[in-house]
Every structure is written in C-alpha cells, then in structure tokens.
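Written below as structure tokens is the structure these notes are about.
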Amino acid sequence: MRELANSMIDLVLGRTCAGCDEPGIGLCDGCTRALQPRVRLRRDLDVGDVVEGLRIPVVCALDYRGIVRQVLYRYKDHRIRQLAGVLGPALGLSVAFAADRAGVPARVALLTPMPTRRDSLRRRGFDATALLANEASKHVATSGIRHLLVDTRTGGAAKHVGAFERELRAIDAFRVRRERALPTKPVILVDDIVTTGSTTKEAVETLLMAGVQVVAVATVAGTP
Ligand SMILES: [Zn+2]
C-alpha cells in the first residue's frame, strides 16, 4: 500500500519528500511514520440547541501539526492531488471509528464531504475534501458518498481570521442541496481538518435542521 502511494507521488514530486523536503523519492521514512494514523475521539460536538440532548462524535486520525500539517498544506495549496492517496487510509479509519462511536454500522452510512468554498475551488482547480472522501471509500465500506451541502461563504480565506471572527462567519455558511430527496440513511460528515469546530458545528446543524440524520464527523486531522 505504502509502495503504491509512494510510486504515485514519485510521478509528480520526483526529487524531494512532500513532508520535509529531504532529497529522495516519495515520502521519507520519518514522514511515513508521522502519517501513521492514531485514531481518536477529538470531542463530542454539542448540538443540543438543534436537537435536545444530542452530542455527535468528532473523530480525527492524525494530529494537525508538523509533518501532517505540511502534507495537508502541500495537498491543498500546492495542488498535489496524489497526496489524497496517502491521506485517504487515515480518513477511512476515522470514518470506521466515528461510525462505531455513533453506534451505526459504517456500511449503512452515507459520507457527506464538507463543501469547499467556491474561491478555494477556483484557486485549486479541484475539490480536496471530495477527493479525500473518494480515497477513504477505498478503505472502508459505506453506502456511498453524497454531496449534501453547499458553502455559501464569500470573502477572505478562513485561515487568516481569528477564532471569534471565524465563529461569526460560520453562521449561515452553508445550505442544503435539494435537487433530490434528502437521504434517510445515517450520514457521516467528512472533512480534512478540524480546529475550533465552529464550522463543523454549523455544517452539522444545517444538516440536522434540514432533517438529515447526521451521526458523526470524521476528519483526517485535528489540532492536538
Ligand atoms: Zn520527509
């Protein structure tokens, strides 16, 4: 598996490690070790203001720092799509763990990728979270992927604003796609990174208010 992932990276990167810039082929051993998933419950998201008493597990497979942070940055901002193959297994484990915490068999759950802002889509030319969801699906059996949310935000990128402003901006950030009937299956929201959790909460609440049964959130990496 690792060899396959590395050979895909080699095609694109060639000369240096995507994690640390060491000269060499593909990911170096140190970075490969740093990307070994250690799945954990990051928090229970309290959505009691929408459904009384409801708490939803938010799971991550890696700590968002160091090499992991660098690889995610390269993946999204340097548009190295092949890194999805490296991060996909971690998200797959995260999905399996999240389903288990929610008491739902993963195979009956639908994955819904966190939507990408339109300006990020334009800049990158690909949907980083959707691609990760596809890769994760190769490592955990689910009932499929369905894009249920649209990101309606405009303006500056979220990483340049503080926690308080981020929370303000998260309000009304999403809407639910209604081109087709909404699913009745349990849904797991998937995302690349979870930090403050305010955007995650807004996305989960938007789905719940539309009548979608969100049971868990699975991410690649969370802040320690
Ligand atoms: Zn490295």
Side-chain angles (χ1 to χ4, degrees), residues 1-43 58-98 111 113-117 119-140 145 157-161 163 166 188-197 199-200 217-224:
M1 188 61 229
R2 184 191 300 174
E3 280 166 21
L4 176 64
N6 275 344
S7 64
M8 286 191 296
I9 292 167
D10 294 348
L11 290 174
V12 173
L13 298 178
R15 291 180 303 276
T16 61
C17 170
C20 66
D21 284 328
E22 277 292 310
I25 306 262
L27 277 180
C28 73
D29 287 346
C31 291
T32 303
R33 271 196 301 280
L35 289 167
Q36 289 301 306
R38 288 179 296 274
V39 187
R40 64 184 170 96
L41 176 70
R42 188 168 175 283
R43 64 188 293 183
V58 179
V59 171
C60 64
L62 295 163
D63 285 340
Y64 184 57
R65 63 180 172 195
I67 304 292
V68 171
R69 191 182 175 121
Q70 174 73 357
V71 168
L72 276 161
Y73 173 74
R74 289 275 170 90
Y75 170 56
K76 297 201 302 187
D77 290 74
H78 291 191
R79 304 180 200 103
I80 303 173
R81 296 181 199 203
Q82 286 73 8
L83 288 173
V86 174
L87 299 166
L91 185 56
L93 285 173
S94 191
V95 166
F97 189 92
L111 304 185
M114 183 72 109
T116 302
R117 297 161 56 113
D119 47 353
S120 302
L121 271 182
R122 265 198 305 274
R123 194 175 62 246
R124 291 183 194 134
F126 77 112
D127 188 332
T129 314
L131 185 55
L132 280 175
N134 281 337
E135 286 296 326
S137 293
K138 298 175 184 171
H139 303 276
V140 58
I145 299 172
K159 64 180 146 188
H160 301 305
V161 304
R166 192 181 288 230
I188 297 175
L189 182 68
V190 294
D191 202 359
D192 50 1
I193 303 156
V194 57
T195 56
T196 66
T199 314
T200 308
V217 180
T219 68
V220 174
T223 41

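Along the sequence shown, residues are numbered consecutively beginning with 1. Both ligands and their constituent atoms are indexed starting at 1 by order of listing.
A98 meets the side-chain contact (heavy atoms from CB on, under 4.5 Å) test with V59, A216, A218; sequence neighbours excluded.
Surrounding CZ of R74 are more than 12 heavy atoms belonging to other residues, nucleotides or ligands, all under 6.0 Å away.
At a cut-off of 3.5 Å, with distance as the only test, no side-chain donor of T116 or R124 sits close to an acceptor on the other residue.
Listed for the S94 side chain is no donor-acceptor partner under 3.5 Å among the backbone atoms of A90. Of the possible polar contacts, one joining the S137 side chain to the A133 backbone as a donor-acceptor pair under 3.5 Å is found.
Protein-derived N/O/S atoms nearer than 2.8 Å to the Zn ion (ligand 1) total 4, waters excluded.
The residues R40 and D63 are annotated as salt-bridged, a charged nitrogen and a carboxylate oxygen being separated by less than 4.0 angstrom.
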